[in-house]
Protein chains: 2
Amino acid sequence: MFPVVSFHWQVATVKIDLDTVKSYDGEMQKTYHHGDLPAALRTATAELVTEKGPSGFSLREVARRAGVSHAAPAHHFGDAEGLLTSVATEGFSTLADALDAASTGITDARERLNACGTTYVRTALAYPGHFGVIFQSDLINEDDDACLLASMRAYAVLQSTIEMVRDQVNPDLDVDAMATLCWATMQGLVVLAPKLSHVAESTDTALLTLDDLVAQFTDMFIAGCRPSS
Amino acid sequence: MFPVVSFHWQVATVKIDLDTVKSYDGEMQKTYHHGDLPAALRTATAELVTEKGPSGFSLREVARRAGVSHAAPAHHFGDAEGLLTSVATEGFSTLADALDAASTGITDARERLNACGTTYVRTALAYPGHFGVIFQSDLINEDDDACLLASMRAYAVLQSTIEMVRDQVNPDLDVDAMATLCWATMQGLVVLAPKLSHVAESTDTALLTLDDLVAQFTDMFIAGCRPSS
DNA sequence: AGTGGAAACTTACCACTGGAAACATGCAAG
DNA sequence: CTTGCATGTTTCCAGTGGTAAGTTTCCACT
């Protein structure tokens, strides 16, 4: 059963990536009136959340931006929760792709962990709409299969990285616990960063950057994982 | 100027703590109809958010629970943002008090950091309404003076703890960066925990508990802070 | 004591929201 | 060509936040 699900999920991922290309409005999938309304609604949602935050989200405003009536989204996503869950899935999928691309080929555990961390916070900052939906909205369905699978795919990259740390640094490492800690720290940084005055987003200041914090965390993490004996 | 502000804030803190006592409806502050409506609205908000999550919050429902008309809150808090900011302030203040109580008297850096971490996640789990408002709602005014001061008071405890780590473990430690990392990890754990299947809330299972994760983080953090040379 | 004013609250209204139901439209397969 | 169905639209409903105007209660001052 799992391979089948995995297969579906692969297909879904590719489909999402294509859908995300907004300008592409051509001969593909033009099944009906609106080239690809689900994708248009997702991007409209992400943009709206980016502009006004998760609380500024409104099904009607999204529909308005997509140029359809306010009842159209219901036909594809059921309700607001369905649409937001779909956006969250897209976000997880994008994150998983980015983590995959950033970590493949890196054989040094420390380097790879740093690459994952940097990629995580950069992706979160690059897709504030998606991550806002994922972590600041309680209106998504956590049990949705596609969403769960996409998030697990992202988690798997981190997990394999921590396994590499275990293999290279400390054979007794509790991989799940440490992977959880790493994810928690990265997500905490993303949530906390805008609230902290001494953290800057760009590099052109004397302040700490998120990349700096990630690097410091990586160093501390690797050093802290070494066997104590 | 700062001492004055600090004084005001101290007073506000004490007031909030008294207000929080729900059953207390007696002869204090009974300035008008409703013994102490602001406090009642705050607790109603916290309960509502605990039950239905931040997105389930509704000014009218809160007013209904407090037994007043839907326009009454506006008189005390201006709008929904004002009320939520007040709840966030109360949450930060509670956290600061808890961190203070848990860490005073502990002289060993590792022990104290662990106490802070445990207290953080336990407080977050004990006040899900307040923490939900703080970290999952973008409808609070981050620049509010009282809120800022309360959060800074909580941060200060953590900061002094990290300074203790610096003094006892590594004189070259970047205190601000490490304090940020610790806070981020704790908050990340709180946000992530309910989403992770292998983390349990109570201790009566074979799964990891949040306390376990905090302890593992503390050990790793202290070890990782040691000078590399 | 009583009166003016301010504070606390209510009522009435507005534009907006999400969701459901009934209706219309266009494609695709028989 | 026509039947079926996915895709939208229109219309309606209860509920929401915010504002403005009115009402009640308290307090301070004379």
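Here is how names work: the chains are called A, B, and so on, in the same order as the sequence lines, proteins then strands, and each is numbered from 1. The structure displayed is predicted, hence computed values, not measured ones.
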List the steps and the verdict of salt bridge (charged side-chain N to carboxylate O under 4.0 Å, His left out) for A:R122 and A:D211. CA-CA 8 Å; A:R122 286 189 183 177; A:D211 281 3; 2.5 Å; yes

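With a 4.5 Å cut-off on side-chain heavy atoms, A:C182 and A:F221 count as touching. The shortest side-chain heavy-atom distance between A:L192 and B:F135 falls under the 4.5 Å cut-off.
Screening A:L59, A:V87, A:V62 against A:L41 for a side chain to side chain contact (heavy atoms under 4.5 Å, CB included) leaves a single residue, A:V62.
In this structure, the CZ atom of B:R64 is 9 Å from the P atom of D:dG17, given to the nearest Å. We find that CG of B:L48 is positioned 14 Å from C1' of D:dG15, with the value rounded to whole Å. The nearest whole Å value for the distance from the NE2 atom in B:H76 to the P atom in D:dG18 is 15 Å. The distance between atom CG of B:L84 and atom P of D:dG18, rounded to the nearest whole Å, is 10 Å. When rounded to the nearest whole Å, the span between CG of B:L83 and C1' of D:dT16 equals 15 Å. Distance A:E61 CD to C:dT17 C1': 12 Å, rounded to the nearest Å. Between the C1' atom of D:dT16 and the CZ atom of A:F57 lies a distance of 16 Å, rounded to the nearest Å. Protein atom NE2 of B:H75 is 12 Å distant from nucleotide atom C1' of D:dT23, rounded to whole Å.
B:R60 CZ to B:R65 CZ: the interatomic distance, rounded to the nearest 0.5 Å, is 16.0 Å.
Side-chain atoms of B:T94 and B:D97 include no donor-acceptor pair closer than 3.5 Å. Judged purely by distance below 3.5 Å, without hydrogens or angles, the side chains of A:T85 and A:N141 never pair a donor atom with an acceptor atom.
Contacts of A:Y120 classified as ring pair (Phe, Tyr, Trp, His ring centres under 6.0 Å), with partners at least two apart in sequence or in another chain: A:F131, A:W183.
Taking only side-chain atoms of A:L37, from C-beta outward, the nucleotide of D:dG8, D:dT19, C:dC9 with the closest atom is D:dG8. Comparing D:dT19, D:dG17, C:dA8 against the side chain of B:S58 picks out D:dG17 as the nearest.
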Distances under 3.5 Å between protein N/O atoms and the N/O atoms of nucleotides 10-13 of chain D, please, pair by pair.
| from | atom 1 | to | atom 2 | distance (Å) |
| --- | --- | --- | --- | --- |
| D:dT11 | O4 | A:H70 | NE2 | 3.1 |

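Of the residues near DNA chain D, A:P38 and B:D79, the one whose nearest nucleotide (by heavy atom distance) lies more toward the 5' end is A:P38.
Annotation: proximity of residues 128-145 of chain B to DNA chain C (heavy atom, distance under 4.0 Å) is found for no residue.
Between the side chain of B:N114 and the main chain of B:T218, no donor-acceptor pair closer than 3.5 Å is present.
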